[in-house]
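Following: one structure in structure tokens, then a few remarks.
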Amino acid sequence: MDRTAYLLILPLVAILAAVEVYPLAESVYLSLTNYGGGGAFVGLANFATLFSQSSFWTAISTSVLYSSGSAALSTAIGILAAYLLTQVRKGRGYFEAIFLMPLAAAPIVAGVVWAPAAVWDDIDTFWHYILHQPFFNILSYHLYFPIMILSDSWEWAPMMMLVALSILASIPKSVYEASEAFGASRWKTFTSVGLPAILNSPVFHFMIVIRFIDAMRAFEIPFAWSGWLAYSQPGAPTDTLSLYLFKLLLNPETDVIPLPLISAAALVLLAVTMAAALVLFRLMRGLRKI
Amino acid sequence: MYVGLLLASLFAFWPIMIMAFEGADIDLGPLFSGKGISYVSGVPYYSGGFFPTWANYRDALAWGDFPKLVLNSTSIALLSIAIALAAGIPAGYVLARSKLKGMGAIGFLLLALRTVSPFAIVLPLYLLYVNVGLFDTTLGMSLAYLVIDVPVVVWMLSGFFSEVPGTVYEAAESAGATERQIFWRIAVPSVAVGIAATAIFAFILIWNEFLMASLLTGAATKTVSVGVWSGVGEGFGGLKSANWDAINAAGALAFFPAFAMILVVRRYLAKGFSLATAS
């Protein structure tokens with residue numbers, strides 16, 4: 001088995017080398033040289049430049065805020081949706097299908113449908129013309145940033161819901177019956193049996209970490225919003241790390257695309273995600289043998 | 001109870017519905033404020049017509065050559081998934097069945113691939129692709145998308161392989177089957193449904209991917225998700241340059257195939273998103 005096994009896994013190793021190890025090594029190399037300026041080795045100078053830019057630190061704090069918000073909110077919505085679905089006697093499949101809809105929307109579409117001119121348009125129409133209140137100021141950070149987080153959570157809450165449902169399904173029915181026999185309400189049964197099972201589940205911890213990492217890489221929704229708000233320069237309050245890098249690449253402040261700087265920033269992002277991958281790896285090891 | 005369900009359904013469904021309606025130019029706005037984009041203290045408010053029109057869907061289908069975008073996305077995804085399956089089926093089998101030295105390292109590399117920022121991968125790929133002529137080609141894009149589908153394919157399939165009872169393999173071994181026969185005649189056929197579900201799941205991920213496609217494709221291989229945004233026009237012009245109805249129409253056209261596929265593989269979604277750690 002051993003020799004065959006190594007042969008069988010060889011194609012995967014080749015792919016990992018080509019699309020992961022090589023580009024990452026190249027990124028490291030780029031970040032240590034002044035590419036475009038002769039390609040000389042400059043040590044950590046690019047990192048020093050990067051760390052001295054306030055727009056980089058803005059992007060870091062934006063990303064952390066965005067990810068924490070999105071991980072927390074999508075988890076809460078996902079658990080709530082899972083609870084609602086477990087209470088349905090008839091037509092659960094239909095409700096589940098509706099709840100799954102956001103997952104099918106591309107993240108860029110989530111940036112479009114939650115935009116000021118789409119969803120908020122009708123709320124605003126109602127708010128302004130029927131309730132006679134002033135229009136929302138969608139350009140206000142305190143309004144659009146939570147909306148960005150909400151859009152992201154809207155998109156990914158169904159993923160958390162699915163995992164929560166699979167955890168709830170593994171609880172023996174007799175546990176619920178016992179709880180109901182003692183006269184506990186459905187909500188009480190959920191908060192004392194289902195909810196702790198979800199929150200203590202290693203699978204769910206794994207998912208929360210995945211959700212946080214994915215949100216750290218979030219690009220499309222902030223990108224769409226910085227489009228709506230016409231923020232073309234890096235360092236805008238919508239800029240998550242990925243968007244910050246994108247803008248450095250496409251809208252550089254100088255004529256030269258700062259590739260080494262972008263590589264350096266990508267490496268910082270890489271270090272963060274590697275650390276997160278390590279956390280995931282340990283969680284996963286507890287879940288299954290590797 | 002059902003009130004909660006309806007509210008939650010509305011939350012999930014409403015933005016999609018608005019998108020499909022705006023695509024058909026249906027809006028309550030004109031009852032109050034007239035048609036078109038109006039600016040209230042610099043903030044854009046869009047208001048469509050009251051009666052539906054299919055013109056935007058027709059436009060979106062013609063504009064940016066929507067059928068061609070679909071063809072691009074589909075061929076890129078299919079090629080990428082074919083490569084991922086060719087490597088992922090044997091690898092998933094090995095990860096599920098044997099404990100070899102170095103498997104931990106491969107598992108970690110796969111997880112790191114799942115969590116890595118596309119930028120750390122895309123920039124070197126971009127430089128390489130421009131040099132070797134893979135930029136804006138179906139092959140180049142398919143290879144780049146291995147970053148997205150390989151970790152998912154390997155973990156999902158190894159999950160499916162490990163669900164095959166060990167006694168099945170033992171019976172085959174004691175009947176004198178070779179390793180090759182066990183793999184081809186027993187293991188692969190028994191996870192056939194899983195392979196199909198995995199392929200569809202990976203297809204949805206690639207269909208919806210935006211960042212890598214917008215950096216690595218040009219006119220020739222532009223994908224659907226990039227095409228949806230192209231109605232916004234160049235750069236960060238805000239809504240002024242947006243062809244609002246057509247973006248929504250294109251978004252709706254991109255959404256429905258993905259939703260159909262989501263429904264087909266709904267039983268396997270939890271597995272896919274959790275890298276097969278949830279049953």
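Sequence lines set the chain letters: A, B, ... in the order given, protein chains first and strands last, and positions in each chain run from 1. Not measured: the values here are computed from a predicted model.
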Looking only at A/M216, A/M159, A/Q87, most heavy-atom pairs under 4.5 Å shared with chain B are made by A/M159
Minimum heavy-atom separation for A/A104 to B/A258, with atom names?
O-CB, 3.4 Å
Between A/R285 and B/G104, what is the shortest heavy-atom contact and its length?
NH2-CA, 3.7 Å
Turns out that what part of A/W154 lies under 4.5 Å from chain B's heavy atoms comes down to both
If I measure from the heavy atoms of chain A, does B/I262 come under 4.5 Å with its side chain, its backbone, both, or neither?
side chain
Region of A/A265 that comes under 4.5 Å of a non-hydrogen atom in chain B
neither
Is chain A contacted by the side chain of B/R114, its backbone, both, or neither, given a heavy-atom distance below 4.5 Å?
both
For residues B/M19 and A/V109, report the shortest heavy-atom separation together with the two atoms involved.
SD-CG1, 3.5 Å
If I measure from the heavy atoms of chain B, does A/V272 come under 4.5 Å with its side chain, its backbone, both, or neither?
neither
Which bit of A/I98 is near chain B, if near means a heavy-atom gap under 4.5 Å: side chain, backbone, both or neither?
both
So, do A/V113 and B/I16 sit near enough that their side-chain heavy atoms are less than 4.5 Å apart?
no
Top of B/L215, B/L125, B/V122, B/I204 for chain A proximity - count of heavy-atom pairs under 4.5 angstrom
B/L215
Bottom line for A/L270: the part with an atom under 4.5 Å from chain B's heavy atoms is side chain
Show your working on side chain to side chain contact (heavy atoms under 4.5 Å, CB included) between B/T115 and A/F281 and close with a plain yes or no.
CA-CA 11 Å; B/T115 58; A/F281 191 57; over 6 Å; no
Intermediate values then yes/no, side chain to side chain contact (heavy atoms under 4.5 Å, CB included), A/I210 and B/L275:
CA-CA 10 Å; A/I210 282 217; B/L275 302 180; 4.2 Å; yes
Side chain, backbone, both or neither: which part of A/L16 has a heavy atom under 4.5 Å from chain B?
side chain
Where does A/E155 contact chain B at under 4.5 Å (heavy atoms): side chain, backbone, both or neither?
neither
A/L12 versus chain B, heavy atoms under 4.5 Å apart: side chain, backbone, both or neither?
both
Side chains of A/L283 and B/T277 in contact at under 4.5 Å (non-hydrogen atoms)
no
Looking only at heavy atoms and a cut-off of under 4.5 Å, which of A/L7, A/L103, A/L241, A/V13 has the most pairs with chain B?
A/L103
Using heavy-atom distances under 4.5 Å, tell me whether B/A112 contacts chain A through its side chain, its backbone, both, or neither.
both
Examine whether an atom of A/A276 lies under 4.5 Å from a heavy atom of chain B, and if so say whether it belongs to the side chain, the backbone or both; otherwise answer neither.
neither
Sort B/Y2 into side chain, backbone, both or neither according to what part of it lies under 4.5 angstrom from a heavy atom of chain A.
side chain
Over all atoms of both residues, closest heavy-atom pair of A/E26 and B/P124:
CG-CB, 3.4 Å
Against chain B, label A/A97 side chain, backbone, both or neither, depending on which of its atoms sit under 4.5 Å from a heavy atom there.
both
Among the listed options A/A14, A/P23, A/G111, the residue most often paired with chain B at heavy-atom distances under 4.5 Å
A/P23
Can you say whether B/I182 sits under 4.5 Å from chain A via the side chain, the backbone, both, or neither, judging by heavy atoms?
neither
Tell me which of these, B/L113, B/V224, B/L146, B/L269, has more heavy-atom pairs under 4.5 Å with chain A than the rest.
B/L113
Measuring heavy-atom distances to chain A, does B/L123 have an atom under 4.5 Å in its side chain, in its backbone, in both, or in neither?
side chain
Heaviest contributor of heavy-atom pairs below 4.5 Å to chain A, chosen from B/G251, B/S9, B/G88, is B/S9
Do B/L211 and A/F223 come within less than 4.5 Å of each other through their side chains, counting heavy atoms only?
no
Under a 4.5 Å heavy-atom cut-off, does chain A meet the side chain of B/L263, its backbone, both or neither?
side chain
Going by the angle between their ring planes, with limits at 30° and 60°, are A/W156 and B/F273 parallel, tilted or perpendicular?
perpendicular
Between B/R266 and A/G93 (side chain of the first, backbone of the second, donor and acceptor by atom type, cut-off under 3.5 Å), is there such a pair?
yes
Among A/I77, A/L30, A/V203, residue most engaged with chain B (heavy-atom pairs, under 4.5 Å)
A/V203
Pick one of side chain, backbone, both or neither for A/F204, based on which atoms fall under 4.5 Å of a heavy atom in chain B.
neither
Please indicate whether B/F183 has more than 12 foreign heavy atoms, meaning atoms of other residues, nucleotides or ligands, lying under 6.0 Å from its CZ.
yes
With rounding to the nearest 0.5 Å, note down the distance linking CD1 in A/I167 to OG in B/S274.
9.0 Å
Using the ring of each side chain (for Trp, its six-membered ring), is B/F119 parallel, tilted or perpendicular to A/F219, with breaks at 30° and 60°?
perpendicular
For A/L10, is it the side chain, the backbone, both or neither that has a heavy atom under 4.5 Å from a heavy atom of chain B?
neither
Would you say that more than 12 heavy atoms from the other residues, nucleotides or ligands in this model lie under 6.0 Å from the OH of A/Y29, or not?
no
Among A/V163, A/L269, A/L245, who wins on heavy-atom pairs under 4.5 Å with chain B?
A/L245
So B/L5 and A/F99, do their side chains get closer than 4.5 Å, heavy atoms only?
yes
Tell me, do B/N208 and A/P107 make a side-chain contact under 4.5 Å, heavy atoms counted?
yes
Does a side-chain heavy-atom distance below 4.5 Å link A/L8 with B/Y93?
yes
With a 4.5 angstrom heavy-atom cut-off, is it the side chain or the backbone of B/V150 that approaches chain A, or both, or neither?
side chain
Which bit of B/L205 is near chain A, if near means a heavy-atom gap under 4.5 Å: side chain, backbone, both or neither?
neither
Under 4.5 Å heavy-atom distance to chain B, tell me which part of A/M274 shows up: side chain, backbone, both or neither.
both
When only pairs under 4.5 Å are counted, which of B/A120, B/A260, B/A91 shares the most heavy-atom pairs with chain A?
B/A120
Report yes or no: does B/S117 contribute a side-chain atom to a donor-acceptor pair with the main-chain N or O of A/A266 at less than 3.5 Å?
no
Check A/I108 against B/S225 and note the closest heavy-atom contact, atom names and distance.
CG2-O, 3.8 Å
Quick one: does A/Y6's side chain get under 4.5 Å of B/K101's, heavy atoms only?
yes
So do A/M101 and B/F255 actually touch side chain to side chain, heavy atoms under 4.5 Å?
yes
What part of A/V19 gets closer than 4.5 Å to chain B, counting heavy atoms only: side chain, backbone, both or neither?
both
